[in-house]
Amino acid sequence: QVLLAQSAQDSVQAGGSLRVSCAASRKTANYYCMGWFRQTPGKEREGVASISSRGTANYADSVKGRFTVSQDNDKNTLYLQMNSLKPEDTAMYYCAAEPFAYVPADYACQIKALNYNSWGQGTQVTVSS
């Protein structure tokens with residue numbers, strides 16, 4: 001499994017922006033899905049966004065238009081740019097990765113936690129009102 005190292009915790013006031021990163025120890029695979037998830041105490045892990053090795057992004061409805069997932073293949077790093085943040089975005093954010101035998105160009109990776117086996121350690125994001 002690839003090791004995923006996330007950026008440190010961060011905080012911002014509502015309406016502000018943050019970027020969290022996730023550095024992989026090596027290239028995940030020729031074909032893969034990578035995702036961002038978030039979790040608050042007592043709740044299940046929620047899918048936020050995903051991106052395929054082909055660059056196709058997929059977003060949860062709650063973050064569409066505000067969050068952008070991207071990747072730097074040279075650095076094996078995944079990013080989540082979060083704009084117009086709301087207090088309800090406060091959560092522990094996790095990145096995840098899963099290799100695939102093949103990913104079509106227009107394939108939108110599912111944002112379901114059970115589909116991923118490699119996980120980062122988590123980044124606490126706090127949005128104050």
Side-chain angles (χ1 to χ4, degrees):
Q1 287 185 343
V2 64
L3 298 178
L4 302 175
Q6 296 184 223
S7 50
Q9 65 181 18
D10 210 344
S11 60
V12 70
Q13 289 190 330
S17 299
L18 287 176
R19 188 178 78 163
V20 292
S21 64
C22 170
S25 58
R26 56 173 173 79
K27 183 179 178 181
T28 303
N30 287 331
Y31 299 104
Y32 59 83
C33 285
M34 295 194 75
W36 285 101
F37 297 80
R38 63 188 182 186
Q39 190 170 23
T40 53
K43 293 189 177 181
E44 292 187 359
R45 196 163 292 189
E46 172 194 18
V48 174
S50 69
I51 190 167
S52 75
S53 49
R54 299 293 195 100
T56 301
N58 190 23
Y59 298 93
D61 289 342
S62 59
V63 305
K64 278 182 181 177
R66 300 189 299 124
F67 290 12
T68 301
V69 60
S70 64
Q71 58 190 348
D72 184 331
N73 292 328
D74 290 338
K75 296 181 179 179
N76 295 328
T77 301
L78 179 74
Y79 300 98
L80 183 67
Q81 176 68 41
M82 302 180 286
N83 299 328
S84 302
L85 281 161
K86 307 173 183 179
E88 51 264 44
D89 293 317
T90 295
M92 185 71 79
Y93 283 73
Y94 296 91
C95 63
E98 184 65 22
F100 280 73
Y102 179 72
V103 172
D106 58 351
Y107 178 73
C109 299
Q110 294 188 31
I111 323 172
K112 296 181 180 179
L114 58 84
N115 290 352
Y116 296 81
N117 288 302
S118 295
W119 291 86
Q121 82 277 18
T123 297
Q124 177 64 42
V125 170
T126 303
V127 184
S128 58
S129 58

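None of these values were measured; they are calculated from a predicted model.
Pairs of residues two or more places apart, or lying in two chains, never qualify as disulfide bond (SG atoms under 2.5 Å apart) while including a residue from residues 39-75. For residues 93-129, the set of pairs meeting the disulfide bond (SG atoms under 2.5 Å apart) definition, not counting sequence neighbours, comprises Cys22-Cys95, Cys33-Cys109. For residues 34-93, no residue pair satisfies the disulfide bond (SG atoms under 2.5 Å apart) rule, not counting sequence neighbours.
Under a 3.5 Å cut-off, the side chain of Ser7 and the backbone N or O of Ser21 do form a donor-acceptor pair. Remark: side-chain polar atoms of Gln6 are not paired, donor with acceptor, to backbone N or O of Val20 under 3.5 angstrom. The backbone N or O of Tyr32 sits less than 3.5 Å from a side-chain atom of Ser53, completing a donor-acceptor pair. Judged by distance alone, the side chain of Gln81 and the main-chain N or O of Thr68 form no donor-acceptor pair under 3.5 Å. In this structure, the side chain of Thr56 engages the main chain of Ala105 through a donor-acceptor pair within 3.5 Å. No side-chain donor-acceptor contact under 3.5 Å links Thr40 to the backbone of Ala91. Of the possible donor and acceptor atoms, none in the side chain of Arg54 sits under 3.5 Å from a partner among the backbone N and O of Tyr107.
For the atom pair Leu114 CG and Arg45 CZ, the distance stands at 12.0 Å (nearest 0.5 Å). For the atom pair CD of Glu98 and OG1 of Thr28, the computed distance is 9.5 Å after rounding to the nearest 0.5 Å. In this structure, OG in Ser70 is found 8.5 Å from CG in Leu80, a value given to the nearest 0.5 Å. We find the OG1-CG distance between Thr77 and Leu4 to be 10.0 Å, quoted to the nearest 0.5 Å. Between the OG atom in Ser50 and the CD atom in Gln110 there is a gap of 9.0 Å [rounded to 0.5 Å]. A distance of 9.5 Å separates CD1 of Ile51 from CE of Met34, quoted to the nearest 0.5 Å.
Val2 and Ala24 make their closest contact through CG2-CB, 3.8 Å (heavy atoms, listed as atom of the first residue, atom of the second, distance). Nearest heavy atom pair, residue Arg66 against residue Ser84, reads NH1-O, 3.0 Å. Shown here for Ala29 and Pro99, the closest heavy-atom pair between the two residues is CB-CB, 3.7 Å.
More than 12 heavy atoms of other residues, nucleotides or ligands sit less than 6.0 Å from atom CD of Gln121. Heavy atoms from other residues, nucleotides or ligands lying under 6.0 Å from CD of Glu88 number more than 12.
Residues Thr90 and Gln124 form a side-chain contact, since some pair of their non-hydrogen atoms from C-beta on lies under 4.5 Å apart. Residues Val125 and Asp89 are not in side-chain contact: their nearest non-hydrogen atoms beyond the backbone lie 4.5 Å or more apart. Two residues are said to be in side-chain contact when any heavy atoms from C-beta on lie closer than 4.5 Å; Thr126 and Gln9 fail this criterion.
Each of Val48 and Tyr79 belongs to its own hydrophobic cluster when Ile, Leu, Val, Met, Phe, Trp and Tyr are linked at side-chain heavy-atom distances under 4.5 angstrom. Note: the hydrophobic cluster containing Val103 does not contain Leu78 (ILVMFWY, side chain heavy atoms under 4.5 Å, direct or indirect links). If you chain together hydrophobic residues whose side chains sit under 4.5 Å apart, Phe67 and Leu18 fall into the same group.
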Under the ring-ring contact (aromatic ring centres under 6.0 Å, His included) rule, what do Tyr102 and Tyr31 come out as? Steps first, then yes or no, please. CA-CA 5 Å; Tyr102 179 72; Tyr31 299 104; 5.0 Å; yes
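Among residues two or more places apart in sequence or in another chain, the salt bridge (Lys or Arg N to Asp or Glu O under 4.0 Å) test is passed with Lys64 by Asp61. Every residue meeting the side-chain contact (heavy atoms from CB on, under 4.5 Å) condition with Glu46, not counting sequence neighbours, appears here in chain and number order: Arg38, Ser62. Judged as a side-chain hydrogen bond (donor to acceptor under 3.5 Å, both in side chains), and not counting sequence neighbours, Tyr59 has no contacts.
For the ring pair (Phe, Tyr, Trp, His ring centres under 6.0 Å) with Phe37, the qualifying choice from Tyr116, Tyr94, Tyr93 is Tyr116, the only one to do so.
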